Engineer: 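Input: one structure, supplied below.
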Amino acid sequence: MRPMHAKPINLNRLAYFAAVLDTGSFTRAAEQLGITKAVVSQQVARLERDLGTSLLVRTTRSLHPTEAGRTLHARCVTILREAEAAFDELAQEASEPTGILRITAPNDYGTAIVAPVASAFATRFPACRVELTLGDEAVDLVSTHMDVAIRVGWLVDSSLQARKIASFRQFLVAAPILAERIADIPDPSGLVALPFVANMALSDPLLWQFSHQDLDARRVKMQASIAVDATPGVLAAVLAGGGLSVLPDFLVAEDLASGRLINVLPEWQLPSGGIHIVFPAVRFRPPKVTAFVEMLVAAQRDTT
């Protein structure tokens with residue numbers, strides 16, 4: 001145990017001292033370290049002063065370690081080797097994804113896009129373990145120790161860093177069983193007469209604004225026949241014929257293409273939104289985050 005009165009040791013001085021003994025002179029040590037001879041000499045002298053003992057015997061032609069100098073040099077070699085190994089280890093970790101990658105994403109986008117990417121990521125980088133949390137409420141990334149969050153929609157101002165990777169469209173959809181009733185609806189104002197599946201994950205699940213290139217925007221307050229608190233559940237209710245609802249393109253594209261769903265009033269547009277990757281405000285992002293983001297961006301690109 002170090003005496004309580006001892007000063008903290010400047011580890012740079014240990015490196016300077018070791019270089020002097022390894023090279024055999026202050027001049028060659030300075031050249032190896034890329035600093036001036038005066039700095040090396042001054043730092044070694046301060047090391048001797050800190051330790052309260054002479055480490056070197058200097059003559060006009062040579063220098064030799066004292067007994068204390070030999071003892072310290074032997075320890076320095078170990079200390080510096082361990083430090084170099086630690087830097088190499090950190091550099092390796094800084095270049096390869098390792099550890100636990102914690103992701104949070106909404107139920108719909110997380111199920112449709114993020115979960116498959118997370119699976120591919122875990123396969124490609126077996127040194128990483130992925131923890132994917134799905135939920136439609138935005139969580140605090142710092143308090144929950146999340147590495148990355150996916151936010152779908154419209155971002156609110158925050159201290160977090162964000163990157164928009166795509167946009168999405170919203171579609172008013174219904175099961176074909178409602179096609180005859182929908183055919184009698186000329187514009188959004190008539191939608192209130194139809195059953196509607198409300199997505200309670202949204203801040204205002206019943207109020208929607210429709211726009212048409214030749215007509216004014218229409219704001220319509222729907223009447224909910226069913227209320228569901230998760231977007232995949234809304235989709236399931238709509239597919240079962242429970243009513244109309246507004247859902248994102250990435251969730252309904254296949255059902256629309258297959259005819260399991262129909263696009264209601266396709267000439268009327270709903271607001272588009274953004275898909276964002278959100279990060280805690282840190283200076284450096286670990287490789288696991290960078291690698292996952294690259295894979296997610298590629299997957300998103302393939303879906304468009």
Side-chain angles (χ1 to χ4, degrees), residues 87-171 199 201-202 230-236 247-258 272-304:
F87 274 99
D88 289 344
E89 183 177 340
L90 289 174
Q92 181 74 5
E93 290 181 359
S95 61
E96 297 181 2
T98 58
I100 301 174
L101 176 65
R102 296 180 175 88
I103 311 163
T104 177
N107 280 305
D108 51 2
Y109 189 79
T111 301
I113 306 295
V114 180
V117 174
S119 298
F121 177 88
T123 301
R124 183 180 299 181
F125 302 108
C128 268
R129 181 163 66 90
V130 180
E131 292 183 359
L132 174 59
T133 301
L134 299 181
D136 290 323
E137 291 188 5
V139 301
D140 181 82
L141 271 63
V142 176
S143 63
T144 56
H145 306 291
M146 292 291 175
D147 295 301
V148 61
I150 311 302
R151 302 275 167 82
V152 175
W154 298 265
L155 288 181
V156 296
D157 292 336
S158 75
S159 60
L160 301 175
Q161 300 169 345
R163 173 184 173 185
K164 184 177 180 180
I165 62 171
S167 298
F168 69 92
R169 294 179 61 194
Q170 298 186 103
F171 292 110
N199 187 347
L202 303 176
T231 309
V234 174
L235 174 60
L247 290 166
D249 54 9
F250 55 80
L251 195 61
V252 299
E254 292 185 4
D255 291 320
L256 287 171
S258 68
S272 297
I275 300 170
H276 302 83
I277 303 175
V278 180
F279 314 91
V282 295
R283 186 175 180 184
F284 299 106
R285 294 187 190 125
K288 60 185 178 182
V289 171
T290 302
F292 174 77
V293 168
E294 290 175 354
M295 292 181 66
L296 181 60
V297 170
Q300 178 61 51
R301 189 183 304 119
D302 291 341
T303 63
T304 56

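A quick note: this is a predicted structure, and the numbers were derived from the prediction, not measured.
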Engineer: Hey, does Glu96 have a side-chain heavy atom less than 4.5 Å from the side chain of Phe125?
Structural biologist: no
Engineer: Considering non-hydrogen atoms only, spot the tightest contact between Gly273 and Trp154 and give its length.
Structural biologist: CA-CZ2, 3.6 Å
Engineer: How close do Pro116 and Gly110 get, heavy atom to heavy atom, and via which atoms?
Structural biologist: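 That would be CD-O, 4.5 Å.
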Engineer: Output, in order, the C-alpha distance, side-chain angles, deciding distance and verdict of side-chain contact (heavy atoms from CB on, under 4.5 Å) for Asp255 and Leu235.
Structural biologist: CA-CA 10 Å; Asp255 291 320; Leu235 174 60; 3.9 Å; yes
Engineer: Of all heavy-atom pairs between Gly153 and His276, which one has the smallest distance, and what is that distance?
Structural biologist: O-CE1, 3.9 Å
Engineer: Determine whether Leu141 and Phe279 satisfy the following criterion, side-chain contact (heavy atoms from CB on, under 4.5 Å), listing intermediate values before the conclusion.
Structural biologist: CA-CA 8 Å; Leu141 271 63; Phe279 314 91; 5.6 Å; no
Engineer: Please give me the minimum heavy-atom distance between Cys128 and Lys288, naming the atom from each residue.
Structural biologist: SG-CB, 3.9 Å
Engineer: Can you confirm whether more than 12 heavy atoms, excluding those of Glu254, are under 6.0 Å from its CD atom?
Structural biologist: no
Engineer: With Arg129, which of Ile100, Leu101, Thr98 fulfils side chain to side chain contact (heavy atoms under 4.5 Å, CB included)?
Structural biologist: Ile100
Engineer: Going through the checks in order, is the side-chain contact (heavy atoms from CB on, under 4.5 Å) test met by Thr144 and Thr104?
Structural biologist: CA-CA 10 Å; Thr144 56; Thr104 177; over 6 Å; no
Engineer: Answer yes or no: is there a donor N or O on one side and an acceptor on the other, between the side chain of Asp136 and the main chain of Pro106, under 3.5 Å?
Structural biologist: no
Engineer: Quick one: closest heavy-atom pair of Arg169 and Ser272, and the distance?
Structural biologist: CG-OG, 4.0 Å
Engineer: Any donor-acceptor pair under 3.5 Å linking the side-chain atoms of Asn107 with those of Thr231?
Structural biologist: no
Engineer: Quick one, Val114 and Phe292 - any side-chain contact, counting heavy atoms below 4.5 Å?
Structural biologist: yes
Engineer: Does the side chain of Thr133 reach to within under 4.5 Å of the side chain of Val139, using non-hydrogen atoms?
Structural biologist: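 Not in contact.
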Engineer: Considering non-hydrogen atoms only, spot the tightest contact between Phe250 and Ala112 and give its length.
Structural biologist: O-CB, 4.2 Å
Engineer: Among Arg301, Glu294, Gln300, which one satisfies side chain to side chain contact (heavy atoms under 4.5 Å, CB included) with Val297?
Structural biologist: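 When side chain to side chain contact (heavy atoms under 4.5 Å, CB included) is applied between Val297 and each of Arg301, Glu294, Gln300, only Arg301 qualifies.
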Engineer: Between CD1 of Ile150 and CD1 of Ile277, what distance do you get to the nearest 0.5 Å?
Structural biologist: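 Going from CD1 on Ile150 over to CD1 on Ile277, the span is 5.0 Å.
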Engineer: Roughly how far, to the nearest 0.5 Å, is the CG atom of Leu251 from the CG atom of Asp108?
Structural biologist: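 The distance works out to 5.5 Å.
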